[in-house]
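Okay, here's the structure, questions in a sec.
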Amino acid sequence: MSTFTIINPTTAQPVKDISLADLAQTDTVIAKAAKAFETWKKVAPGDRAKLLRKFASVVDSHIEELAQLEVLNSGHTIGNARWEAGNVRDVLNYYSAAPERLFGRQIPVPNGIDITFKEPLGVIGVIVPWNFPMPIAGWGFAAALATGNTVLLKPAELTPLTAIRLGELALEAGIPEGVLNVVPGKGSVVGARFVSNPTVRKVSFTGSTTVGKGIMAGCAEQVKRVTLELGGKSANIIFEDADIEAAANSAPGGVFDNAGQDCCARTRILVQKSVFDKFMDYFEKSVKAFRCEDPNLDSAGMGPLISQKQKDVVTSYIDDSVAFQGTAPTGPGFWVPPTVLLPKNTQAKSWQEEIFGPVVSVLPFTDEADAIEKANDSIYGLSGSIFTSNLGRAMRVARAVESGNLSVNSHSSVRYWTPFGGFKQSGLGRALGPESLDMYTETKN
Ligand code: NAD
């Protein structure tokens, strides 16, 4: 069995070694989950609901422990990490209301009756990236368990600690053995086996668009169900009629939160020409005030990047188009300061590619049509923001931007009770909200 050494991104020091499952061990867990499915799917709806509420309550009593673990493993700010652990609890509570409400339909037909059922799929493989280890795991397993499936949860190699702990807490809450199985391992071994082993009936993947395409192609072989939550390059569109100071003050949080390692990060800022200079003046002040520091501090706005490798990738995008930068600690740890670029045009690499670090690009636009065209000039379509005081324009532009999650005069993307997912190459299917239940059931007529 091989191992992987977890590194604390804040100090660059090793934390502990984690055993990685091999192919045979993965198949053993898959078989265990398939066996558990036979009883889990028959658990009475009210009892399944109670177990999920118990799981939520056990998570709730471990919020601080889980949050500290995430700061250690992932370098998330302590404030974010507490929210992330709380999000797992909230998502479990939300979907604990699903088992008794998993309605089918009665559809009028001549000479008889027609009824539909929402049937569970069976064993679900949930593959999670390193940027939000807790929430993304929870979005997958809560809806899948509520609908009567059993789950294999594969955390990213870099960030398995909170997933492992959540697996233990599930057992503590009384979720039966084999129902939620955490399988730390390599994507190319464990993740790939979820795709190729026919006992796994669905793969719910969150990660890069490149790996997601391979998973979709692999699933096609067995017509295996697949949900994909992939990359993003979201636009933050600021019109001249907006409160420019408020837009500039909120823009750093919209892109540098989690050190920019956020699929929803508003990494392309589009500002109407007439207010471009005014915006940049305020923006420079707000970027310089954004606190990149030890993530254990309550005051931290962002911490380090996840790894030296990620730091190298992100730094390679920082070219001679830098307008200004904020500050970051020096010394050990994978630090990159908040950075603002002024690319030459929309063809710039930094404008088109997902950087996944604290780097944002700004370009001007002339009018509404130009803003929409520039915003949609991307292979991605995950999130986006529109700043304007004109309600009609807000609605028009929100409908015209090809993206799964738009917000007006704010940067909110994720609420556990509303659907989340991408257009175009940002993904397929939806997590959270009522939609997610359809992702983990088949309709039987
Ligand atoms: P990644 O694609 O490298 O890895 C994601 C997960 O897939 C990991 O657990 C990895 O081990 C596994 N994996 C890798 N190769 C695999 C294979 N061949 N078969 C099966 N599994 C495999 O992504 P990452 O670097 O961990 O995460 C960053 C990416 O995730 C970014 O592109 C980001 O935009 C995206 N993301 C998307 C969302 C969303 O909801 N749309 C949310 C968070 C992150």
Side-chain angles (χ1 to χ4, degrees), residues 4 18 20-21 23 26 73-74 76 84 87 125-140 152-160 162-163 182-197 200 202-219 221 224 226-234 255 257-267 305-307 309-311 313-314 353-357 378-384 403-405 413-414 416 419-433 435-436 439:
F4 187 88
I18 294 292
L20 302 178
L23 213 54
T26 307
N73 191 163
S74 311
H76 290 196
E84 290 159 16
N87 182 256
V126 178
I127 302 177
V128 177
W130 48 257
N131 65 324
F132 287 114
M134 278 193 279
I136 292 171
W139 304 355
L152 310 158
L153 173 63
K154 195 204 91 59
E157 291 88 322
L158 294 170
T159 57
T162 47
V182 182
V183 200
K186 286 189 183 165
S188 57
V189 178
V190 176
R193 192 62 186 142
F194 292 178
V195 176
S196 66
N197 186 321
V200 180
K202 174 176 178 139
V203 174
S204 178
F205 171 82
T206 306
S208 60
T209 295
T210 309
V211 174
K213 285 177 185 174
I215 286 181
M216 191 175 179
C219 286
E221 191 65 32
K224 188 172 288 195
V226 64
T227 297
L228 301 172
E229 300 285 351
L230 309 175
K233 192 74 188 175
S234 298
V255 62
D257 186 61
N258 205 32
Q261 302 165 121
D262 181 344
C263 50
C264 291
R266 274 62 166 178
T267 48
L305 294 183
I306 187 68
S307 64
K309 187 172 154 215
Q310 191 62 13
K311 180 176 171 173
V313 170
V314 170
E353 294 179 9
E354 184 183 49
I355 299 173
F356 230 54
S378 170
I379 59 166
Y380 298 113
L382 191 54
S383 294
S403 180
N405 318 272
S413 289
V414 173
Y416 59 79
F420 174 75
F423 280 27
K424 302 195 279 188
Q425 293 191 32
S426 284
L428 187 71
R430 291 293 178 270
L432 300 176
E435 266 82 353
S436 189
M439 305 289 135

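When a ligand or atom number is given, it counts from 1 through the structure's own listing order.
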Which residues pass the side chain to side chain contact (heavy atoms under 4.5 Å, CB included) test with Ser196, sequence neighbours left out?
Arg193
Of all residues at least two apart in sequence or in a different chain, which pass the side chain to side chain contact (heavy atoms under 4.5 Å, CB included) check with Ala156?
Trp130, Thr159
Is there a donor-acceptor pair closer than 3.5 Å between any side-chain N or O of Gln310 and the backbone N or O of Phe356?
yes
With a cut-off of 6.0 Å (strictly less than), are more than 12 heavy atoms of other residues, nucleotides or ligands near NZ of Lys186?
no
For ligand 1, find each of its N or O atoms that sits under 3.5 Å from a protein N or O atom, and tabulate the pairs with distances to one decimal place.
from, atom 1, to, atom 2, distance (Å)
ligand 1, 2 (O), Ser208, N, 2.9
ligand 1, 2 (O), Ser208, OG, 2.6
ligand 1, 9 (O), Val128, O, 2.7
ligand 1, 9 (O), Lys154, NZ, 3.1
ligand 1, 11 (O), Lys154, NZ, 2.9
ligand 1, 11 (O), Glu157, OE1, 2.7
ligand 1, 11 (O), Gly187, N, 3.4
ligand 1, 19 (N), Gly187, O, 3.3
ligand 1, 23 (O), Ser208, N, 3.4
ligand 1, 25 (O), Trp130, NE1, 2.9
ligand 1, 26 (O), Trp130, N, 3.4
ligand 1, 26 (O), Trp130, NE1, 3.3
ligand 1, 30 (O), Gly207, O, 3.3
ligand 1, 32 (O), Glu354, OE1, 2.7
ligand 1, 34 (O), Glu354, OE1, 3.4
ligand 1, 34 (O), Glu354, OE2, 2.6
ligand 1, 41 (N), Leu230, N, 3.1
ligand 1, 41 (N), Leu230, O, 2.7

Counterpart residues, side chain to side chain contact (heavy atoms under 4.5 Å, CB included), relative to Ser403 (two or more places apart)
Val401, Leu406
Any side-chain to backbone donor/acceptor pair from Lys154 onto Val183? Under 3.5 Å, distance only.
no
